[in-house]
Structure formats: C-alpha cells, structure tokens
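Below: the structure, in structure tokens.
Chain letters run A, B, ... following the sequence lines, proteins first and then strands; every chain starts at 1.
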There are 2 protein chains.
Amino acid sequence: MERNDTEGQLLNFRKTLEQIIPLSDSEWKMISRKFNLMEAPKRTQLTKEGQIATSIYFINKGLLRIFYTKEDVEITGFIFSEGLFASCYESFLLQTKSNQTLETLEDCVLLTIDHSELQTLYKEVPALNIIGRVVAEQRFINGQRILSSHLLDSPEERYRQFSDQYPGLLMRVPQHIIASYLGITPVSLSRIRKRISRK
Amino acid sequence: MERNDTEGQLLNFRKTLEQIIPLSDSEWKMISRKFNLMEAPKRTQLTKEGQIATSIYFINKGLLRIFYTKEDVEITGFIFSEGLFASCYESFLLQTKSNQTLETLEDCVLLTIDHSELQTLYKEVPALNIIGRVVAEQRFINGQRILSSHLLDSPEERYRQFSDQYPGLLMRVPQHIIASYLGITPVSLSRIRKRISRK
DNA sequence: AAAGGACGTTAACAATTGTAAAGAAATTAC
DNA sequence: GTAATTTCTTTACAATTGTTAACGTCCTTT
C-alpha cells in the first residue's frame, strides 16, 4: 500500500457491518479499537491444521481459502473473497484443534480480532451479537447451498454454476484448487472443461 | 400423549436453551409464552417447496427431514432428531420461497414459533440473540462437517460414518432416504451394504 | 384374505470418475 | 535468461456409480 490509510480500511469495514445493523459512534469506537489491521503475503497460513484458530479475519483485499489435507493432497473447502470474514470457523467457535488450514491465495489486507477479544466485545457491545448471529446465519446459508449442489448436481453442473456465479475467481484461483472445491480431481475438471468447450 | 403435560415439554425445552445460556425466570416466561406446543403425525409437510417457511420447530419427540425435489425424485438434505430446531432455515431467515420441504418422518411433538414472533422476542429478550447466534453456529458446524465428508470421503466411508454416528437412525429411517442424504442412489447404497457385509 | 403399493436387492450395461504416468505450457526462482 | 517448479492437459486402464428393469418381501388398505 502507498501509505498507512488505516482509516479507509476501517471505514470499509464499518460500512459492511452497518449493512447488518446501524452502529452508534461509541459502539463503533469500541469495535474498531479491538480490530487490528494486518497485511499477509500470498501463501501465508493464518491457521494451520492441528492448531486452534485464534482469530477471524475480515477481508479488505485479497483472497483466502481453507483446505483439508487427505493423504498429502490438499482439498479446498471454501474460497473467501473481499467483504467476508475468513476463518477456520468451527475451530474458532469451539476453540478446538482445526482440521483445516486457512491460507491466503493472494497478498491480503485483513482486519483481525482474536477469540477472547471478541468475547469481551460481545459483552461490551450487545449489538455485536446480532452481527455475530447474522454472520453465522450467512455462513450457514452459504454452506447449505454448496452442500445442496453436491446432492443435486453433477460435477459438470457444479462447475458451470461456479463459473457463472464467480467468473472472477476463475481467473484468480488455480484450477486444481477449484477442482477440489467442486469435489473432483484436476484431471476430471480438465475433462469437463473440454466437454463444455466443444458445445 | 396420555394427557396435557405441556409443562413437561416446556421444561425439556428450557433445559436445552439453558445449555447455551442461563435464563432468568422472567426471560423464560417471555420466551415460553411465545412458543406453541403442537403435534404432527408422520408425513406432515410443515413447510412446502415454493412456500416461505413461517416457523421453526423445536423437536421434543420424533424425527423430521428436509428434502429437495429434482425431476420428481426426493433428495434428503438433512435429518433432524430430538433436541434440534428443525426448519427450512434459509427460507425462514431470509423469508424467501423455500427450495426444500420440511416433513415429519414420525409422529412428532414440537414447540413452534413463527418468524415475526421471534423477531419480537429478539427485541424483548436480548439474551435470545446469543441463543440464536449459537444455534446458527451449530447448524453451520453441522453443515460444514457434512460438506467436508462429501469432499473427503467416498460414499462407502460416508455410509460407515453415518452408521457409526447415528446407529439409531439406521433403524428409524428408510434406506432410500439415507441413500439420498449420502448423495447416492438406493441401488448404490444397497451395493455398498453388501460390500461391507462381506468383510 | 386379497390387492396394491412401498421398499430393498440384484443384474446388466452405459457413463463418469478416479488413478497413474507422461508431456506441454506457464509461472516462479535464482 | 535459464533452470526449476508448478500447473494443466492428455492418455489408458480400473473402479465406482448411475440407469433401467425385474423380482421378492413387507406393510398397508380395503
């Protein structure tokens, strides 16, 4: 970044929160004080498998993913883009060892808070419980949609929907990562792309 | 039921809520007043595809499932048992038309509240936002675990885990419903069971 | 008791995916 | 700028699943 424009990063964050519920200036002050601005270069592992997720990360800029490791193969569970809270959410919520790794796919600008600070904030700013609830609800809905597409759609349909829905990610994310996110192998995704391009 | 033991059903409900956060008697009174006890016979459709989910249902007794319909085939998305809040959750949260049906698999005893009453309650009893947040978080975690098993495990492994984790459901739920929940056809599940029994 | 429907199994075949290996293309590192 | 690595594609083969249909069993209904 050119220079320290923490203010601008925070304003963007406030705008996102206020899409859920308006915040008074004093509430916002208490919240913004607890979040820390941080930059993480590409391929940084913010939470590693086997560790407890200490923090969640609001994405101001960049791309992250969570992945599982199965027999030395990395299988992507989700891809986070700007405006979302990235985390190994289960580990963060339950404060138990994570079975997934949170990793940046690009250089990122993040706002971060750790678990105990957040618990304090929930008490200081009750309105934050509503935000926490809505964020959890949104993540549930997201997961639900992905799961249903695994139940209802073939890998080919799933790839079509992914390209329609996130055309930008096709350009920003390596294909073998997209493949595992769709629940297939890179080889199979390559075949599917060939099949589609012939039509 | 033998007779009207609404009290007993409510106490069970209170115990479940208080596992999340203690409630004062006055908070509990406000909450319990808004929930309605209801019985629903087997195969009742509480929310139908295309409708907006008006209510959520705490399960005191019985079993429910949500299912999608794809080309006249019913595909089960989740099975709810005692102690959970059953609902077409996305439709309920967003108050949009549901793409899934909520149906009882057994005769059920339920405690129910509709969407607008719940919004009122959130305002009257702020502690309920914590419960709402934790319930959403739990549902997220649940969905996440199911999704990861679709990414990581073969159908056979998924069936093994299901039988280990919910041995009771194997007896209570027809196999073709379990099959679609696992993301496979009844024929394939039958083959898997045969393969396993040979070992 | 008989008829009908729902449920589970089995079989045969087609389609798709996984696996392993090789090579081409693109990116990254030095 | 060249080497090294990563990424993507292609091929051939094996394994699994989907599809359709037939059959037997169990349960429900009349």
Looking only at side-chain atoms of A:Arg43, point me to the closest of C:dT17, D:dT17, D:dT7. D:dT7
Do B:Glu103 and B:Leu64 have side-chain heavy atoms sitting under 4.5 Å apart? no
Remember a base hit wins even if backbone is also touched, and classify B:Ile184 as base, sugar-phosphate or nothing at under 4.0 Å, heavy atoms. sugar-phosphate
note: A:Lys42, atom NZ; C:dT27, atom P; distance rounded to Å ~ 10 Å
What is the distance, rounded to the nearest whole Å, between atom CG of B:Leu189 and atom P of C:dC7? 14 Å
Ignoring backbone atoms, establish whether A:Gln175 has a side-chain N or O less than 4.0 Å from OP1 or OP2 of D:dT9. yes
Rounded interatomic separation in angstrom, taking CG from B:Leu182 and P from D:dT17: 11 Å
If you take the centroid of each ring, where Trp contributes its six-membered ring, are A:Phe58 and A:Phe35 closer together than 6.0 Å? no
Counting side-chain heavy atoms from C-beta on, which of D:dT20, D:dT11, C:dT28 comes nearest to B:Val187? D:dT20
Is there a side-chain contact between B:His150 and B:Arg158 in this structure, where contact means two heavy atoms from C-beta onward sitting under 4.5 Å apart? yes
Would you say a side-chain N or O of A:Lys194 is under 4.0 Å from OP1 or OP2 of D:dC8? no
Gap between atoms CZ and P, on B:Arg158 and D:dT16 respectively (whole Å): 15 Å
Distance below 4.0 Å between B:Arg193 side-chain N/O and C:dG8 OP1 or OP2: no
Taking only the side-chain nitrogens and oxygens of B:Ser190, find out if one of them lies under 4.0 Å from OP1 or OP2 of C:dG8. no
Result for 5'-nearest mapping on DNA chain C, choosing between A:Ile192 and B:Ile177, is B:Ile177
Looking at A:Arg191, I'd like to know whether one of its side-chain N or O atoms comes within less than 4.0 Å of OP1 or OP2 on D:dT10. no
Hey, does the side chain of B:Arg195 come within less than 4.0 Å of C:dT9's phosphate (OP1/OP2), counting only N and O? no
Does any donor atom in the side chain of A:Arg139 or A:Ser87 lie under 3.5 Å from an acceptor atom in the other side chain? yes
Taking atom C1' of D:dG18 as reference, at what distance in whole Å does atom CG of A:Leu151 sit? 16 Å
Which whole-number value in Å describes the distance from A:Asp153 CG to C:dT16 C1'? 16 Å
Quick one: do the B:Arg65 and B:Tyr181 side chains pair a donor with an acceptor below 3.5 Å? no
Without decimals, in angstroms, what is the distance between A:Met171 CE and C:dA26 C1'? 14 Å
Of the listed D:dT7, C:dT17, D:dT19, the closest approach to the B:Thr185 side chain comes from D:dT19
Per atom distances to the A:His176 side chain, the nearest of C:dC7, C:dA20, D:dT7 is D:dT7
When the distance from OH of A:Tyr159 to C1' of C:dT16 is rounded to whole Å, what number comes out? 18 Å
